[in-house]
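Report on the structure given below.
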Amino acid sequence: MPKSQTQSVALPRVVDLDALDEIRETLLDALLAGPIDVNASAVERVSTNALFMLLSAAETARKANFSFTISDASTVVTAAIEKLGLAPVFEPVLKG
């Protein structure tokens with residue numbers, strides 16, 4: 001039975017191709033446990049692939065009936081989301 005307590009995942013300063021494998025594994029582990037809150041406040045560099053991975057994780061959580069939020073997204077993260085035209089799809093998960 002999944003835990004009801006929200007799992008917290010803090011993104012590193014650099015979320016690029018080199019960091020994706022480790023972040024993906026962390027997200028997968030958290031998804032198995034239940035709801036997730038991803039703290040993106042420390043992110044200073046983010047790749048497009050990382051943003052799509054976060055959307056994929058959000059969709060996986062939704063299908064499992066778990067909440068998935070991205071809290072305190074840094075200005076770098078929000079600017080990248082806006083620049084790529086992804087604001088409408090991120091809107092349901094961005095908090096704070």
Side-chain angles (χ1 to χ4, degrees):
M1 174 175 257
K3 297 177 185 177
S4 59
Q5 186 175 356
T6 300
Q7 305 299 303
S8 183
V9 175
L11 294 179
R13 186 179 61 78
V14 176
V15 185
D16 61 6
L17 292 176
D18 292 332
L20 286 186
D21 286 340
E22 185 175 334
I23 295 168
R24 181 178 44 84
E25 290 302 319
T26 301
L27 287 172
L28 284 172
D29 289 344
L31 280 167
L32 293 174
I36 299 175
D37 177 62
V38 176
N39 185 302
S41 63
V43 178
E44 295 177 9
R45 190 170 72 217
V46 63
S47 70
T48 301
N49 289 1
L51 295 176
F52 283 112
M53 180 184 65
L54 290 171
L55 287 175
S56 177
E59 179 61 14
T60 300
R62 186 193 66 78
K63 287 181 178 179
N65 293 318
F66 295 141
S67 68
F68 183 96
T69 57
I70 300 171
S71 60
D72 300 321
S74 69
T75 56
V76 169
V77 172
T78 56
I81 289 169
E82 289 291 329
K83 185 175 184 178
L84 293 166
L86 297 173
V89 291
F90 270 95
E91 185 178 351
V93 297
L94 281 177
K95 307 292 180 216

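For residues 74-96, there are no side-chain hydrogen bond (donor to acceptor under 3.5 Å, both in side chains) pairs, not counting sequence neighbours. For residues 31-45, every residue pair satisfying the salt bridge (Lys or Arg N to Asp or Glu O under 4.0 Å) rule, not counting sequence neighbours, is listed here: R13-E44, D16-R45.
Note: L55 CG to R62 CZ = 12.5 Å, rounded to the nearest 0.5 Å.
V14 and L17 are not part of a single hydrophobic cluster, where members link through side-chain heavy atoms under 4.5 Å apart. Clustering ILVMFWY residues whenever any of their side-chain heavy atoms sit less than 4.5 angstrom apart, transitively, puts L84 in the very cluster that holds L11.
Listed here is the closest heavy atom pair of S41 and N39: OG-OD1, 2.6 Å. Taking all atoms of both residues into account, the shortest heavy-atom contact from V15 to A19 is CA-CB, 4.3 Å. A pairwise comparison of heavy atoms in F68 and A58 identifies CD2-CB, 3.4 Å as the closest pair.
Side chain of Q7 to main chain of Q5: a donor-acceptor pair is present (N/O by atom type, distance under 3.5 Å, no hydrogens or angles). A donor-acceptor pair under 3.5 Å is absent between the side-chain atoms of S56 and the main chain of F52, judged by distance alone.
The residue from D29, L31, T6 that alone fulfils the side chain to side chain contact (heavy atoms under 4.5 Å, CB included) condition with I36 is L31.
Residues meeting the side-chain contact (heavy atoms from CB on, under 4.5 Å) test with L94, sequence neighbours left out: I70, A73, I81, F90.
At a cut-off of 3.5 Å, with distance as the only test, no side-chain donor of S47 or N49 sits close to an acceptor on the other residue.
Two residues are said to be in side-chain contact when any heavy atoms from C-beta on lie closer than 4.5 Å; L54 and L27 meet this criterion.
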